[in-house]
Amino acid sequence: DQQVKQNSPSLSVQEGRISILNCDYTNSMFDYFLWYKKYPAEGPTFLISISSIKDKNEDGRFTVFLNKSAKHLSLHIVPSQPGDSAVYFCAASSNNNDMRFGAGTRLTVKP
Amino acid sequence: DAGVIQSPRHEVTEMGQEVTLRCKPISGHNSLFWYRQTMMRGLELLIYFNNNVPIDDSGMPEDRFSAKMPNASFSTLKIQPSEPRDSAVYFCASSYRALNTEAFFGQGTRLTVV
């Protein structure tokens with residue numbers, strides 16, 4: 001079963017605008033959430049994370065929001081840049097054990 | 001550190017043949033994960049190890065798949081016999097099993113079964 005879901009397979013935004021990528025999860029035991037970025041022919045690389053005790057974590061242009069009651073998290077990128085074009089994966093883990101990923105969202109930032 | 005090292009980068013094999021994918025985790029990491037990337041399901045967790053011990057292999061699709069971790073610096077994922085539907089990119093990742101740490105991925109092995 002898919003415990004982590006990314007329902008939008010793709011997203012296209014204009015350079016300089018905000019990109020919002022969404023993720024939903026079903027397992028209430030998840031307590032740590034991560035976003036990874038993946039370029040073609042490369043492995044995913046860690047981008048940003050958030051613990052379940054927080055509802056927001058910011059790192060430069062990237063902010064992750066967590067809504068535990070809705071079992072939803074989102075990644076905001078502002079301003080978006082063409083170099084941000086990649087596939088973004090949402091991931092979740094519980095008690096630092098397994099790490100489950102979503103299907104990914106392909107972001108395209110147009111110049 | 002060179003990061004997580006996977007070999008081979010590409011593998012083309014005929015249906016029915018045995019395939020072995022290899023992974024060297026980052027030194028000092030004590031958790032290792034095997035994932036398969038597909039279009040429909042994204043990154044599927046196949047199996048993960050803590051301190052070389054398999055913890056959860058419920059993601060392994062069939063008995064044709066097996067994974068071992070004989071020591072802290074090496075793991076294999078074997079498919080025997082391979083089938084065309086096994087064609088995918090297989091990733092290995094490692095982490096230090098502590099509170100709230102990310103996993104680091106290798107560059108993956110692209111497997112094509114013809």
Side-chain angles (χ1 to χ4, degrees), chain A residues 1-10 21-25 27 29-54 57 59 62 64 66 75 86-107, chain B residues 2-10 21 23-26 29-51 53-61 67 88-110:
Chain A
D1 66 335
Q2 200 77 350
Q3 298 184 47
V4 179
K5 299 178 182 180
Q6 294 177 257
N7 293 319
S8 297
S10 63
L21 297 103
N22 293 301
C23 177
D24 298 289
Y25 61 95
N27 189 343
M29 298 299 292
F30 287 144
D31 56 9
Y32 188 54
F33 304 89
L34 310 92
W35 284 94
Y36 279 77
K37 179 179 179 180
K38 186 184 180 303
Y39 292 119
E42 295 183 9
T45 55
F46 170 73
L47 187 59
I48 191 170
S49 64
I50 187 167
S51 165
S52 60
I53 62 174
K54 295 184 176 181
N57 188 28
D59 183 4
F62 303 90
V64 55
L66 176 62
L75 174 68
V87 177
Y88 289 79
F89 289 97
C90 169
S93 69
S94 58
N95 292 326
N96 197 44
N97 284 313
D98 58 335
M99 191 170 293
R100 307 281 174 173
F101 284 78
T105 297
R106 181 177 300 277
L107 172 66
Chain B
V4 176
I5 300 173
Q6 290 186 248
S7 63
R9 287 296 307 276
H10 303 274
L21 311 182
C23 176
K24 176 177 168 39
I26 291 173
H29 282 187
N30 54 7
S31 287
L32 184 138
F33 307 83
W34 281 101
Y35 291 92
R36 177 171 68 176
Q37 184 183 8
T38 63
M39 289 294 292
M40 292 300 296
R41 299 179 65 85
L43 286 165
E44 287 180 274
L45 178 63
L46 301 177
I47 185 171
Y48 75 97
F49 297 82
N50 281 342
N51 296 316
V53 176
I55 303 301
D56 184 353
D57 65 353
S58 60
M60 297 286 259
V89 181
Y90 291 80
F91 287 101
C92 175
S94 72
S95 70
Y96 179 69
R97 187 171 180 268
L99 194 61
N100 296 345
T101 56
E102 69 271 22
F104 295 81
F105 281 77
Q107 292 196 297
T109 295
R110 179 174 292 279

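Note on naming: letters A, B, ... go to the chains in the order of the sequence lines (proteins, then strands), and numbering restarts at 1 for each one. Below, each value reflects all heavy atoms present in this structure, side chains not excepted, and no hydrogens, waters or symmetry copies.
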* Would you mind telling me which of A:Pro44, A:Gly102, A:Gly104 has the largest number of heavy-atom pairs within less than 4.5 Å of chain B? => A:Pro44

* Which atoms of B:Gln37 come close to chain A, meaning under 4.5 Å heavy atom to heavy atom: side chain ones, backbone ones, both, or neither? -> side chain

* To do: Please confirm whether the backbone N or O of A:Phe33 pairs with a side-chain atom of A:Ser49, one donor and one acceptor, at under 3.5 Å?
  => no

* Whether B:Ser94 side chain and B:Ile26 backbone form a donor-acceptor pair below 3.5 Å -> yes

* Identify which part of B:Leu43 has an atom lying under 4.5 Å from any heavy atom of chain A, answering side chain, backbone, both or neither. => both

* Test side chain to side chain donor-acceptor pair (under 3.5 Å) applied to B:Arg9 - qualifying residues, sequence neighbours left out -> B:Gln107

* Residues which pass side chain to side chain donor-acceptor pair (under 3.5 Å) with A:Ser10, listed by chain and number, not counting sequence neighbours -> none

* Atom group of A:Lys38 that falls short of 4.5 Å from chain B, counting heavy atoms -> side chain

